Amino acid sequence: MASETARGLNILITGTPGTGKSTLGAELAQRINLRYMDVGDVARDEQLYDGYDEEYKCPVLDEDRLIDELDPVMIDGGNIVDYHSCDLFPERWFDIVFVLRTDNTILYDRLEKRGYNAKKLHDNVQCEIFQTILEEARGGYKHEIVHELTNNTPEDLEDNLEKIIQWVQQWRATH
Ligand SMILES: Nc1ncnc2c1ncn2[C@@H]1O[C@H](COP(=O)(O)OP(=O)(O)O)[C@@H](O)[C@H]1O
């Protein structure tokens, strides 16, 4: 076996809410035996909040406490992290970053089904139109580790899983 470097593989799955991160992340974790972490769930379980956003009617993430909480786990490696933003994380955490993308009309329907109000729907669809998260990822990580994946249909999901698994196998063979 190739030598384990400082730690095991860490994958970030990011993208606008509704692009399918948790669906893909949870399935991927099962198939390749990594730990799946939804950052929103960790924040809620550990109450890693700092105030309340009246406009969006949601608690504000305490980023410093979140980083402190996750750092030991990330140093160990073997994680798939799911979050709808990526500029808060230390660059050193991730070996590869996947940015999921969804067509605006499909995304709108998914978020409407989720019960988002008009403002939240509009803001999230705008976020996707302006490819905000993709730009964030490209700005925060080395170009060659950032991959954009279209995720509109169940067929896309299966293709994406296969692509990621191939990449992971390659990574494991060379690290
Ligand atoms: N590739 C896909 N094709 C069709 N529907 C999908 C796909 N990926 C996710 N979905 C659906 O879209 C909705 C949002 O997916 P979810 O994984 O919760 O997104 P996120 O974690 O990015 O907010 C869910 O109802 C899920 O079943």
Side-chain angles (χ1 to χ4, degrees), residues 9-46 48-49 53 55-61 63 66-67 69-70 73-74 78-89 93-141 145-168:
L9 172 67
N10 286 324
I11 297 173
L12 174 62
I13 300 178
T14 189
T16 307
T19 49
K21 300 179 294 298
S22 59
T23 307
L24 183 137
E27 178 63 27
L28 182 65
Q30 289 212 339
R31 293 197 195 181
I32 58 175
N33 200 23
L34 294 183
R35 184 190 303 114
Y36 167 72
M37 280 195 297
D38 179 326
V39 168
D41 289 348
V42 175
R44 196 192 51 231
D45 293 348
E46 304 296 326
L48 303 174
Y49 298 133
D53 186 323
E55 189 181 7
Y56 285 98
K57 305 276 179 239
C58 64
V60 177
L61 184 65
E63 295 184 359
L66 177 86
I67 303 302
E69 177 82 20
L70 292 186
V73 184
M74 298 305 290
N79 301 290
I80 298 170
V81 173
D82 162 350
Y83 198 52
H84 55 77
S85 173
C86 56
D87 58 2
L88 67 163
F89 304 124
W93 276 6
F94 295 108
D95 303 292
I96 192 156
V97 176
F98 294 103
V99 183
L100 300 190
R101 303 300 311 279
T102 299
D103 284 357
N104 310 325
T105 51
I106 297 174
L107 185 66
Y108 186 96
D109 289 345
R110 288 183 192 169
L111 294 179
E112 195 177 38
K113 277 200 193 110
R114 201 180 258 183
Y116 276 17
N117 65 33
K119 172 161 177 57
K120 228 170 152 181
L121 262 174
H122 173 263
D123 288 359
N124 280 295
V125 171
Q126 287 289 102
C127 173
E128 189 59 8
I129 290 170
F130 289 115
Q131 52 184 55
T132 309
I133 311 301
L134 181 63
E135 298 303 330
E136 218 180 81
R138 285 179 175 157
Y141 298 88
I145 75 159
V146 176
H147 298 267
E148 181 181 9
L149 296 174
T150 300
N151 197 41
N152 292 325
T153 64
E155 292 72 29
D156 289 337
L157 175 65
E158 195 51 44
D159 279 358
N160 291 335
L161 283 162
E162 281 168 23
K163 274 186 211 153
I164 296 173
I165 289 166
Q166 269 183 13
W167 184 90
V168 169

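Just follow the structure's listing: the first ligand is 1, and inside any ligand the first atom is 1. Only a predicted model underlies this, so the values are computations on that prediction, with no experimental measurement involved. In what follows, every heavy atom counts, from backbone to side chain, and hydrogens, waters and symmetry copies are set aside.
Taking a distance limit of 4.0 Å, we find that atom 6 (C) of ligand 1 is approached by some protein heavy atom.
Ligand 1 has no N or O atom lying under 3.5 Å from any N or O atom of Leu24, backbone or side chain. Here's the thing with Pro17: none of its N/O atoms is less than 3.5 angstrom from an N/O atom of ligand 1. Here's the thing with Asp82: none of its N/O atoms is less than 3.5 angstrom from an N/O atom of ligand 1.
Under a 4.0 Å N-O distance rule, the pair Asp123/Lys120 does not qualify as a salt bridge.
Remark: minimum distance from atom 19 (O) of ligand 1 to any protein heavy atom is reached at Gly20 N, 3.1 Å. Nearest non-hydrogen protein atom to atom 18 (O) of ligand 1 is Arg114 NH2, 2.9 Å. In terms of protein heavy atoms, atom 27 (O) of ligand 1 is closest to Thr23 OG1, 4.2 Å. Protein heavy atom nearest atom 1 (N) of ligand 1, with residue, atom name and distance: Thr153 O, 2.8 Å. Nearest protein heavy-atom neighbour of atom 8 (N) of ligand 1: Asn151 ND2, 3.5 Å. The shortest contact between atom 13 (C) of ligand 1 and any protein heavy atom is with Arg110 CD, 3.8 Å.
Residue contacts with ligand 1 leave out Asp156, since none of its heavy atoms falls under 4.0 Å from the ligand. Heavy-atom separations between Lys113 and ligand 1 are all 4.0 Å or longer. Residue Asp38 places no heavy atom under 4.0 Å from ligand 1. Ligand 1 lies within reach of Gly18, whose nearest heavy atom is under 4.0 Å from it.
Between Glu128 and Thr102, the side chains place no donor N or O within less than 3.5 Å of an acceptor N or O (distance only, hydrogens not considered).
In this structure the side chain of Ile32 never reaches within 4.5 angstrom of the side chain of Leu9, judged on heavy atoms. Contact check for Thr19 versus Ile133: no side-chain heavy atoms found under the 4.5 Å cut-off. Annotation: side chain of Cys127 is not in contact with side chain of His84 (no heavy-atom distance under 4.5 Å).
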Query raised in the report: Between Asp95 and Ile11, does a side chain to side chain contact (heavy atoms under 4.5 Å, CB included) hold up when you go through it step by step?
Result: CA-CA 6 Å; Asp95 303 292; Ile11 297 173; over 6 Å; no
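Nearest heavy atoms, Ala137 versus Val97: CB-CG1, 4.2 Å.
Ring geometry, Phe98 versus Trp167: the interplanar angle exceeds 60°, so the pair is classed perpendicular (tilted spans 30 to 60°).
Counting the atoms of ligand 1 from 1 in the order shown, those under 4.0 Å from a heavy atom of Lys21 are 17 (O), 19 (O), 20 (P), 21 (O), 22 (O), 23 (O). Below 4.0 Å from some heavy atom of Asn152 lie the following atoms of ligand 1, by number and element: 3 (N), 4 (C).
Between the side chain of Asp156 and the main chain of Thr153, a donor-acceptor pair closer than 3.5 Å is present. A donor-acceptor pair under 3.5 Å links the side-chain atoms of Thr14 to the main chain of Tyr83, judged by distance alone. No side-chain donor-acceptor contact under 3.5 Å links Asp87 to the backbone of Glu136.
With a heavy-atom cut-off of 4.0 Å, Leu100 does not touch ligand 1 at all.
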